[in-house]
Every structure is written in C-alpha cells, then in structure tokens.
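Quick note: residue numbers are just sequence positions, from 1. Values reported hereafter were calculated over all heavy atoms of this structure, with side chains retained and with hydrogens, waters and symmetry mates removed.
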Amino acid sequence: DVEYEYYYTVPTPTETWIDNHKYQAIFRAEDNAGNLETSFSPSGFYYDTTPPDSAITYPDPAIGYINSLEDIQGTAQDVNDFTGIADVRVRIKNASDEYWSGTNWLGTADSWLPTTSGSPWKCTDGPGPADLTSGEVYTVESRAEDGAGNLEFPAEISYTVDSQGPTTSITFPQDGIPQNNVTHID
C-alpha cells in the first residue's frame, strides 16, 4: 500500500462558502488498478463569519452611576448558535485614557480582563472604590469571541462614579417636640 496526501484548496473561499452554514466534505480514493476505497468518513464543519454579541447588564447601564466596578456582569450569545461563545473579556478605561490592568491603572489598550464562562458571564477583577475617583467617568467594554474566532466590536457603557453617600433631613415635625396632629413629614 502506498499512502498519499492530497489537499484541496478552495479557489475563492469568501465567494464559495456561505456564512452560517454547515458543510460536509466526503473524499473517496481510487488507486491506479481501479480499486475504490470502501471505508471512508465524511468530515463536517460550520462556516461562521458572524461575530457574537455581548452586553453589560450589571452595574445597571440605565442608572449610569457606580461606586465600584469590582463586579461586572453581562450576557453573550453566538448569533447563529453554530460555534458557541468561546470567551468574553472586559476592558475598563478612566477619563485619562488609562486602562485597568486587574490591579492598577497601568494597563494598555490590550488589557482585556477575563470573565467566567457562560451567559451570564462575570468579571471580578475590576477596580474597587479606592481605585475610582468620584465624579469621574469610566468606560466599560465587553467583547465576546465565538468558537470560530470571530470577535465582536466591543459593547461600551459609561458610568459616573458617585462615592458620596446621600443625606437626608427632617424639618417637620421637629425633633423632640410633641405633636398631636401630623399630616405630613418634611
């Protein structure tokens, strides 16, 4: 028996394959004597060029104010459900365009922090209250990658840090003064 290796190169891959489709390749050999291969297996693959989607759900983007970014959560999905979500990363930038490295603001634009797998995903490597400046705006991005290696354009949310607690005061009824008819509290 003589073994040969054959390769098939698709002449124009971007025109030949259709996104979000499953393909199956079947090869069967014939030797010079006319003998056909009797045992062969098909090989299947998914062709996927569609990037996945991710979203930040906590801290709540609708509120827009935070006092910590130690716990960031979100969702991710593979749009076509062929290859699934392989990875989700988070990047945090302050108003001075400095990136959080996981321990300090000395990171680079490539400082993507890991998350737990699945959906919802979770990142617990963000900056705590001591690493944030009250009144400053911070940008949080999430970026998902699917099983085919497609990266999404990062989803971005901006939050303003509010580390000052609220205050209240009651002016009526006055503290310590007896009342016999209280119709409201101011």
query = Do side-chain atoms of Trp121 reach the backbone of Thr75 as a donor and acceptor pair under 3.5 angstrom?
reply = yes
query = What pairs meet the salt bridge (charged side-chain N to carboxylate O under 4.0 Å, His left out) rule with one or both residues in residues 175-186, with sequence neighbours excluded?
reply = none
request  = Please round to the nearest 0.5 Å and tell me the distance separating atom OG1 of Thr139 and atom OH of Tyr159.
outcome  = 10.5 Å
note = Distance col, row Ser142:OG vs Gln73:CD, nearest 0.5 angstrom, shows 12.5 Å
query = What's the shortest heavy-atom distance between Arg91 and Ala109, and which atoms?
reply = NH1-O, 2.5 Å
query = Taking C-beta and beyond as the side chain, do Pro154 and Arg89 meet within less than 4.5 Å on heavy atoms?
reply = no
ask   = Minimum heavy-atom separation for Ile85 to Ala144, with atom names?
value = CD1-CB, 4.4 Å
query = Sub-3.5 Å donor-acceptor pair from the side chain of Ser101 to the main-chain atoms of Leu106, do we have one?
reply = no
ask   = Got a sec: does the CD1 of Ile177 have more than 12 other heavy atoms crowding it under 6.0 Å?
value = yes
Closest non-hydrogen atom pair between Ser134 and Ser163, with its separation = CB-OG, 3.0 Å
Separation between OH of Tyr99 and CD of Glu141, rounded to the nearest 0.5 Å = 6.5 Å
message = Classify the ring geometry of Tyr23 against Phe45: parallel below 30°, tilted from 30° to 60°, perpendicular beyond 60°.
response = parallel
note = Tightest non-hydrogen contact, residues Ala155 and Ile56, listed as O-CD1, 4.2 Å
message = If you define the side chain from C-beta out and look only at heavy atoms, does anything of Trp105 sit under 4.5 Å from Asp131?
response = yes
query = Would a distance-only check, ignoring hydrogens and angles, find a side-chain to backbone donor-acceptor pair under 3.5 Å from Asn150 to Asp48?
reply = yes
query = Between Tyr65 and Asp162, what is the shortest heavy-atom contact and its length?
reply = CD2-CB, 4.1 Å
request  = Give a yes or no answer on whether the side chain of Glu152 reaches the backbone of Ser54 with a donor-acceptor pair at less than 3.5 Å.
outcome  = yes
key: Shared hydrophobic cluster, Trp100 / Ile66 (ILVMFWY, side-chain heavy atoms < 4.5 Å)   = yes
remark   = CG of Asp53 to OG of Ser119, rounded to nearest 0.5 Å, is 11.0 Å
Gap between atom CG of Asn67 and atom OG1 of Thr160 - 0.5 Å precision = 12.5 Å
ask   = side-chain hydrogen bond (donor to acceptor under 3.5 Å, both in side chains) with Asp60: which residues, sequence neighbours excluded?
value = none
request  = For Tyr58, check ring-ring contact (aromatic ring centres under 6.0 Å, His included) against everything at least two apart and list the hits.
outcome  = none
ask   = In terms of hydrophobic clustering (I, L, V, M, F, W, Y; side-chain heavy atoms under 4.5 Å; direct or indirect links), are Trp112 and Tyr138 co-clustered?
value = no
ask   = Has the side chain of Ser96 got a donor or acceptor atom that lies under 3.5 Å from a matching backbone atom of Glu98?
value = no
inquiry  = Does atom CD1 (Ile170) have a neighbourhood of more than 12 heavy atoms from anything else shown, all under 6.0 Å?
reply    = no
ask   = Where is the tightest heavy-atom contact between Pro127 and Leu132, given as atom of each residue plus distance?
value = CG-CD2, 3.7 Å
key: Check: Asp146 side chain, Thr83 main-chain N or O, donor-acceptor pair, under 3.5 Å   = no
remark   = Exactly one of Ile92, Thr115, Leu69, Val140 clears side chain to side chain contact (heavy atoms under 4.5 Å, CB included) with Cys123, and that residue is Thr115
